[in-house]
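To start, the structure itself, in structure tokens.
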Amino acid sequence: VPPNPSITGGSTTSERAVHAALEACKQLREKLDPIKAKLPPDADWKTLVQAAIKAKIDLAIKSTPFAADAEPGRHHSYFTYCAAVVETEVDILTGEYSLSRADIMFDCGE
């Protein structure tokens with residue numbers, strides 16, 4: 001869930017959330033690619049993540065669908081606070097995945 005989402009209509013929130021998720025995946029891959037290059041080609045996801053942790057690679061990713069240089073005030077006129085954490089398992093060899101847990105917090109405030 002992107003922080004400070006804007007007013008929504010239709011499916012714009014879905015599109016923005018997907019954009020943020022794709023950008024987060026891109027950032028994560030950029031962090032993991034150098035580690036993956038040093039591992040055997042058949043290394044699984046667990047091995048890749050363990051190698052990244054051992055190399056002290058920060059695997060936390062933050063993404064927002066709004067450009068940093070966007071016109072001030074154009075993308076939202078109020079603030080909401082959202083946080084989401086999803087725990088998944090992905091088999092990088094087969095593409096199989098499972099969702100272990102999802103925690104979402106949303107605060108509209110006053």
Of all the heavy-atom pairs spanning V86 and T88, show the shortest one and how long it is.
CG1-CG2, 3.5 Å

Derivation and outcome, side-chain contact (heavy atoms from CB on, under 4.5 Å), residues E87 and D103:
CA-CA 9 Å; E87 181 179 330; D103 296 305; over 6 Å; no

Please check if I57 and V49 belong to a single hydrophobic cluster, counting links between Ile, Leu, Val, Met, Phe, Trp and Tyr side chain heavy atoms closer than 4.5 Å.
yes

same_hphob_cluster(I53, I61) at 4.5 Å side-chain heavy-atom cutoff:
yes

Distance check, rounded to the nearest 0.5 Å: T47 atom OG1 versus L39 atom CG?
7.5 Å

Show your working on side-chain contact (heavy atoms from CB on, under 4.5 Å) between L32 and L59 and close with a plain yes or no.
CA-CA 8 Å; L32 290 174; L59 298 178; 3.7 Å; yes

Taking atom CD of E89 as the centre, does the number of heavy atoms from other residues, nucleotides or ligands within less than 6.0 Å exceed 12?
no

Identify the two heavy atoms, one from L28 and one from W45, that lie closest to each other, and give their separation to 0.1 Å.
CD2-CH2, 4.4 Å

What's the separation between atom CD in Q50 and atom CD1 in I35, rounded to the nearest 0.5 Å?
13.0 Å

Considering non-hydrogen atoms only, spot the tightest contact between I92 and A43 and give its length.
CD1-O, 3.4 Å

Check: K31 side chain, D58 main-chain N or O, donor-acceptor pair, under 3.5 Å:
yes

